[in-house]
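A quick write-up on the structure given underneath.
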Amino acid sequence: MSKVGWIKICEYDHVYKREVVQLSHTERCRVVPTAKRATKAPALYISAVLFGYIIWIPCGLPLLIAAVVGSLSAVCLVVLLVYLFSVLPFLSSYAEVVEIHDYPRGILYVAIDTRGTKPFVVGIVGLRPISFSEAEVVRFVVKSSHRGMGIGRALLDQVTQYAVDFSYDTIEVDVADIASDIPASPMYERRGFRLHHTYFGPHWTLPLVRSRILVKDLITK
C-alpha cells in the first residue's frame, strides 16, 4: 500500500467490488466524450466511406448524399453503441474487471480518496499477464472529477513497480483511437513507454479503428 497526499493506493479487496465495477463502467462508457473522440479518429472516416458505399450502391443515391449519410451513420452508430453500453452493463465486460486480481501474477490496484468520513474509489489500474515475461496494463481509469491530480501517475508507477517485483521484462498498453485513455498517452510516454506498433482492426461494430501498442522495457541494461 502507498499513499500520495490524501490518496491511498492499495490492492483490490472485494469490499470495493461495487465501486470498482461502477467506476470502470461509467468512466469508460461516457457518450459525449467518446463521440467527440470518435469523430476525430482517422479510421472512422474509412468506416464512413464503407457505410456510404453500402447506402449508395443499392439505393442509387447521388454519391455526395450517400457520403454524407454514411458519415452521419458511422458517428450515430458509435454514439448508439456507447449509449447501450452505458445503460446495459451486461453488454460489456466491465463486471469482469475484478477478475484481473485473481490472475496468477496479475494485480488490480485501487486509488481511494481518504478525505471526508467515507473514503471512496477514484481510480483503478490492473496488470494482466500475457506470458511469463510480458504483461498488459488494463482497466486504467481515473474518475473524471479527480483527473489532473497525479492519481493516474501514481497508479501507473505502482503497477509498474509490481511488474518489476514479479520479474516481467516488458509491460504494454493498447490505446485505441476511441478509447477513454487517449488523454493519458503523453503520460505513458513520460513514464518510459514507446510506440511498438500500430494496427487497424474492428472495435465494437466499426469496421476499422486504429490502435497503438505502447511498450515499456523493465530490464535495465
Side-chain angles (χ1 to χ4, degrees), residues 1-34 36-37 82 85-87 89 92-103 105-129 135-168 171-176 178-194 214-216 218 220:
M1 182 181 72
S2 63
K3 196 166 185 178
V4 182
W6 40 268
I7 294 295
K8 179 179 70 174
I9 298 177
C10 57
E11 289 189 31
Y12 168 78
D13 187 277
H14 288 293
V15 298
Y16 302 124
K17 180 176 181 178
R18 183 174 181 179
E19 289 184 80
V20 165
V21 172
Q22 183 67 21
L23 175 66
S24 180
H25 177 68
T26 56
E27 291 298 328
R28 296 181 71 91
C29 283
R30 300 173 65 205
V31 175
V32 175
T34 301
K36 287 182 178 179
R37 283 190 297 274
V82 175
F85 273 65
S86 299
V87 299
S92 70
S93 59
Y94 295 113
E96 301 171 4
V97 63
V98 296
E99 296 178 5
I100 297 169
H101 190 71
D102 298 326
Y103 291 169
R105 300 174 71 223
I107 192 71
L108 181 65
Y109 285 108
V110 296
I112 309 295
D113 186 333
T114 59
R115 297 175 297 180
T117 58
K118 187 178 179 181
F120 58 97
V121 176
V122 294
I124 58 174
V125 66
L127 191 73
R128 178 171 58 194
E136 180 184 14
V137 177
V138 294
R139 303 306 192 198
F140 189 11
V141 182
V142 175
K143 193 175 180 65
S144 55
S145 60
H146 285 66
R147 293 175 185 172
M149 301 179 183
I151 299 172
R153 294 191 298 272
L155 283 168
L156 188 58
D157 289 345
Q158 186 75 39
V159 81
T160 300
Q161 186 58 52
Y162 176 91
V164 171
D165 294 342
F166 277 79
S167 303
Y168 285 108
I171 55 176
E172 68 176 47
V173 60
D174 188 340
V175 182
I178 66 171
S180 60
D181 48 5
I182 283 183
S185 295
M187 181 184 67
Y188 291 133
E189 295 169 3
R190 289 193 295 269
R191 285 300 189 267
F193 285 81
R194 57 180 173 79
L214 307 178
V215 174
K216 180 174 182 176
L218 302 179
T220 54

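Reckoned from all heavy atoms, side chains included, excluding hydrogens, waters and symmetry mates.
Side-chain contact between Phe140 and Val173 is absent, with no heavy atoms from C-beta onward closer than 4.5 Å. The side-chain heavy atoms of Gln158 and Val125, taken from C-beta on, include no pair separated by under 4.5 Å. Contact check for Ile100 versus Val138: side-chain heavy atoms found under the 4.5 Å cut-off. Cys10 has its side chain out of reach of Tyr109: every pair of non-hydrogen atoms, C-beta onward, lies at least 4.5 Å apart. Within the 4.5 Å cutoff, the side chain of Leu108 has heavy atoms near those of the Val20 side chain. Counting heavy atoms from C-beta outward, Tyr12 and Lys17 have side chains that approach closer than 4.5 Å. Within the 4.5 Å cutoff, no side-chain heavy atoms of Ile112 are placed close to those of Ile7.
Around atom CZ of Arg191, more than 12 heavy atoms belonging to other residues, nucleotides or ligands sit under 6.0 Å away. Taking a 6.0 Å sphere around CZ of Arg194, one finds it holds more than 12 heavy atoms contributed by other residues, nucleotides or ligands.
The closest donor-acceptor contact from the side chain of Tyr168 to the backbone of Arg105 lies under 3.5 Å. Using modelled atom types, one side-chain atom of Thr114 and one backbone atom of Trp6 make a donor-acceptor pair closer than 3.5 Å.
A side-chain donor from one of Asp165 and Gln161 sits under 3.5 Å from a side-chain acceptor of the other.
Rounded to the nearest 0.5 Å, atoms CE (Met187) and CG (Asp157) are 8.5 Å apart. To the nearest 0.5 Å, the span separating CD on Glu136 from CD on Glu172 amounts to 5.5 Å. One distance of note links CD1 of Ile151 with CG of Asp113; it measures 7.0 Å at 0.5 Å rounding. The distance from the CZ atom of Arg190 to the CG atom of Leu156 is 10.5 Å, given to the nearest 0.5 Å. Interatomic distance, Met149 CE to Lys143 NZ, rounded to the nearest 0.5 Å: 11.5 Å.
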>> Walk me through whether Ile171 and Leu127 qualify under side chain to side chain contact (heavy atoms under 4.5 Å, CB included).
In response: CA-CA 9 Å; Ile171 55 176; Leu127 191 73; 4.0 Å; yes

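Tyr16 and Glu11 get closest at one heavy-atom pair: CE1-O, 4.5 Å. In terms of heavy atoms, Gly106 sits closest to Pro129 at CA-CD, 4.1 Å.
Of the residues Leu155, Ile124, Leu23, the one that meets the side-chain contact (heavy atoms from CB on, under 4.5 Å) test with Val142 is Leu155.
Aromatic ring centres of Phe166 and Tyr162: separated by under 6.0 Å.
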